[in-house]
Protein chains: 2
Amino acid sequence: MTLKIKDVAEHAGVSVATVSRVLNNSDSVKPDTFQKVMAVIEEMGYKPNAIARSLKVKNTKTIGIMIPDISSHFYPEVVRGIEDVANMYEYNVVLCNTDLKREKELKYLDVLTEKQSDGIIYMSNIITDQLADSFQNLKIPVVLISSEYEELPTVLIDNVAASNEMVKYLIQKGHKRIGMIAGQRNDYIAGISRVKGYYKALEEAGIPLEESLLVYGNYRFKSGYEGGKKLLTQENRPTAIFCASDEMALGVIRAATELKLSMPTDLAVAGFDNIDMAEKICPSLTTIAQPMYEMGAVGMRLLTKILNKETIQQSKVILNYALIEREST
Amino acid sequence: MTLKIKDVAEHAGVSVATVSRVLNNSDSVKPDTFQKVMAVIEEMGYKPNAIARSLKVKNTKTIGIMIPDISSHFYPEVVRGIEDVANMYEYNVVLCNTDLKREKELKYLDVLTEKQSDGIIYMSNIITDQLADSFQNLKIPVVLISSEYEELPTVLIDNVAASNEMVKYLIQKGHKRIGMIAGQRNDYIAGISRVKGYYKALEEAGIPLEESLLVYGNYRFKSGYEGGKKLLTQENRPTAIFCASDEMALGVIRAATELKLSMPTDLAVAGFDNIDMAEKICPSLTTIAQPMYEMGAVGMRLLTKILNKETIQQSKVILNYALIEREST
DNA sequence: TTGTACGCGTTATCAT
DNA sequence: ATGATAACGCGTACAA
């Protein structure tokens with residue numbers, strides 16, 4: 001049987017109330033008794049039971065992180081940002097991989113609720129109405145990262161502007177036939193928005209759109225590889241390819257290498273995200289840097305504010321991105 | 001105020017005991033009443049309070065994962081394996097990034113204890129005696145992954161054999177001057193063991209050891225890059241370099257590229273781990289595949305067995321590795 | 001098969 | 001400044 005507050009109280013010759021007081025150094029307790037109780041706690045190696053405490057105080061200092069898959073790039077860095085500031089505010093994080101499966105999401109929402117999590121951070125670009133419904137019915141606050149849904153608090157970058165800037169940059173480099181490997185069509189943030197920026201840049205430059213230059217992927221390497229093969233084997237191939245994710249850009253680089261195209265002379269490749277590998281591979285990758293760590297940190301900070309019932313001036317936080325020029329263009 | 005079991009009981013016209021029974025479908029409850037109670041639960045949208053439950057049943061269905069840094073390669077995949085089987089057994093995981101800092105480790109150990117975690121999975125190659133002490137004093141079970149400490153249960157691969165095999169492979173390829181970028185000197189698993197395998201292979205082939213061909217790094221890209229520069233700029237440079245991690249191998253590839261060496265003709269490079277990028281970069285990387293997902297899954301499975309007090313036949317699980325030949329050699 | 005009542009380990013209110 | 005005690009929401013003997 002593990003030690004309880006009562007055992008400490010008896011050994012110290014005080015009441016449990018007093019022990020509780022020194023534990024939370026609340027109220028006023030005479031310095032003498034404080035010392036005495038502290039000594040006994042040390043000596044016995046007593047550790048308070050946070051579960052019992054939570055039952056009483058109605059918070060658990062625990063939040064849930066819902067992401068598609070921790071083993072996919074982009075997320076670990078964000079999660080690290082979340083955990084670091086969670087840590088500063090004495091929160092723990094429980095990790096939930098949803099694989100974007102509806103049942104898993106709902107199941108986790110249930111479990112997190114039942115375990116009385118104080119809040120939830122949800123990440124992944126696609127939010128269905130049904131899921132949003134569940135969020136609304138939740139009694140615990142939710143913060144979105146790189147997602148958007150009506151009035152829910154969120155932190156992200158301006159995806160349209162970022163992709164627009166990247167395509168403009170490619171145009172300035174002299175490219176006229178610019179292909180794009182886009183994200184998913186039902187993904188407002190990383191899918192639709194980035195295509196929008198691409199279209200906008202071409203229009204502004206007076207370059208006609210060509211349907212055959214736009215293919216869709218799912219952000220993963222394989223889809224980039226396949227999309228790259230498709231774009232590069234057609235007659236009159238593009239001289240530059242812009243990808244909605246770095247992983248897909250790596251796929252394009254591999255495809256180009258197999259086709260004996262050298263970069264950036266034969267082909268320019270640009271990505272999106274700036275995952276850590278972007279600067280490590282050869283050729284290193286020109287890309288849009290999303291402040292991943294910061295997105296996590298800011299998202300968690302926002303959540304703590306909500307949990308503390310502080311007034312938040314803006315519930316949609318737009319972070320800065322940056323175009324990073326490297327060897328691939 | 002949120003719903004309690006009592007509210008359900010009143011609405012259903014039964015006692016709280018009965019409601020509790022249908023919730024845990026324990027004991028025997030008449031099908032009629034079962035249905036009735038279930039209906040009320042549904043209708044009211046009642047969700048049990050897992051905290052109160054935990055206080056009573058003395059388990060939380062939550063385990064802690066302690067790793068150095070989720071944003072460093074290798075870990076996300078392992079964590080995914082852990083989470084998947086944790087999920088199967090209805091456990092949740094709380095993620096703890098320790099940065100290998102002693103105070104953070106101890107702090108997390110405390111918090112996990114106070115929050116009554118059912119178990120802990122600890123990952124990171126270096127375990128000090130002091131930390132092991134804390135483990136021993138812990139009342140909750142610990143499983144190690146890719147670590148080793150006396151009798152603590154663990155899952156890992158045979159690092160000596162794996163590195164030995166890789167170096168032998170390089171020798172068979174005709175290399176005589178083989179450099180190595182090793183891990184840390186105080187790291188028994190990924191540091192010392194892999195050097196041991198390297199030495200062994202050289203000795204077995206009758207190749208004399210040369211001190212200048214062995215440099216130490218810390219598994220990260222930068223240390224690989226610097227080590228690579230060092231090895232490749234010395235007179236009579238090695239024709240092959242074996243790295244104790246893929247990240248360091250990527251560093252070597254970058255260094256070699258900058259020195260205008262082409263792979264594998266001028267230089268062969270081999271890594272260790274088989275992180276997902278290993279097959280995506282150019283040249284793709286020859287490496288030792290550690291079954292990362294499986295290591296996590298098996299580790300968690302081991303923990304559930306311990307938690308269920310099942311008898312475990314072996315507390316040290318050695319998993320299979322594989323040498324994967326790719327373009328870099 | 002169902003209900004009553006106690007206990008899980010805390011915190012917080014109200015006295016003293 | 002300190003102590004007694006009632007919650008917190010649930011599971012489970014023990015009774016019925």
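Everything numeric here is computed off the predicted structure, so don't read it as measured data. By convention in this document, chain letters (A, B, ...) are assigned in the order of the sequence lines, proteins followed by strands, and residues within each chain are numbered from 1.
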Practice task
Round to the nearest Å and state the distance from Glu114(B) atom CD to dT11(C) atom P.
Solution key: 11 Å
Practice task
May I ask you to evaluate whether Thr33(A) reaches the phosphate of dT2(D), defined as a side-chain N or O under 4.0 Å from OP1 or OP2?
Solution key: yes
Exercise for the section: Would you please name every residue forming a side-chain contact (heavy atoms from CB on, under 4.5 Å) with Ala86(B), sequence neighbours left out? Expected result: Tyr91(B), Val93(B), Met300(B)
Problem - Exceeds 12 heavy-atom contacts within 6.0 angstrom, atom OH of Tyr149(A) - result: yes
Exercise for the section: Whole angstrom is fine here: how far is it from CG in Asp7(B) over to C1' in dC10(D)? Expected result: 13 Å
Handout entry: Gap separating the CG atom of Leu152(B) from the OG atom of Ser147(B), nearest 0.5 angstrom
Key = 9.5 Å
Handout entry: dT11(C) OP1/OP2 closer than 4.0 Å to side-chain N/O of Ser20(A)
Key = yes
Problem - Rounded distance in Å - CG (Asn25(B)) to C1' (dT12(D)) - result: 16 Å
Exercise for the section: Verify the neighbour count for atom NZ of Lys6(A): are there more than 12 heavy atoms of other residues, nucleotides or ligands below 6.0 Å? Expected result: no
Problem - From Ser54(B) atom OG to Glu114(A) atom CD, the distance as rounded to the nearest 0.5 Å - result: 11.0 Å
Practice task
Determine which pairs satisfy ring pair (Phe, Tyr, Trp, His ring centres under 6.0 Å) with at least one residue from residues 35-60 of chain B, sequence neighbours left out, and list them in order.
Solution key: none
Practice task
Can you figure out which of dC10(D), dT11(C), dG9(C) approaches the side chain of Lys4(A) most closely?
Solution key: dG9(C)
Practice task
Please name all residues satisfying side-chain contact (heavy atoms from CB on, under 4.5 Å) with Thr33(B), sequence neighbours left out, ordered by chain then number.
Solution key: Val29(B), Lys30(B), Lys36(B)
Completion exercise
Assign each of Val57(A) and Ala17(B) the nucleotide of DNA chain C bearing its closest heavy atom; nearer the 5' end lies the nucleotide of Ala17(B)
Handout entry: Residues in contact with DNA chain C, drawn from residues 35-46 of chain B - heavy-atom cutoff 4.0 Å
Key = none
Exercise for the section: Please collect all ring pair (Phe, Tyr, Trp, His ring centres under 6.0 Å) contacts where either partner lies in residues 95-125 of chain A, sequence neighbours excluded, each pair once. Expected result: Tyr122(A)-Phe135(A)
Handout entry: Nearest-nucleotide pick for Thr18(B), side chain only, options being dG3(C), dT4(C), dT1(C)
Key = dG3(C)
Fill in the blank from the handout: To the nearest angstrom, the CD-C1' distance between Gln116(A) and dC10(D) comes to 12 Å
Practice task
Tell me which nucleotide among dT11(C), dT2(C), dG11(D) gets nearest to the side chain of Arg53(B).
Solution key: dG11(D)
Completion exercise
Rounded to whole Å, CD1 of Ile5(B) lies from P of dC8(D) at a distance of 15 Å
Problem - His73(A) vs Asp273(A) side-chain heavy atoms within contact, under 4.5 Å - result: no
Exercise for the section: Take atom CG of Asn49(B) and atom P of dG11(D), then tell me their distance rounded to the nearest Å. Expected result: 9 Å
Exercise for the section: Taking only the side-chain heavy atoms of Ala52(B) (C-beta and beyond), determine which of dT2(C), dT11(C), dG9(D) contains the nearest atom. Expected result: dG9(D)
Problem - Length of the CG-C1' vector between Leu55(A) and dC10(D), whole Å - result: 8 Å
Problem - Residue mapping more 5' on DNA chain C - nearest nucleotide basis, Lys56(B) or Val14(B) - result: Val14(B)
Problem - Global bending angle along the helix from dT1(C)-dA16(D) to dT16(C)-dA1(D), which compares the axes of five pairs at either end, to 10 degrees - result: 40°
Exercise for the section: Would you please say whether a donor-acceptor pair under 3.5 Å links the side chains of Asp187(B) and Tyr219(B)? Expected result: yes
Fill in the blank from the handout: Atom NZ of Lys58(A) and atom P of dG9(D) are separated, to the nearest Å, by 4 Å
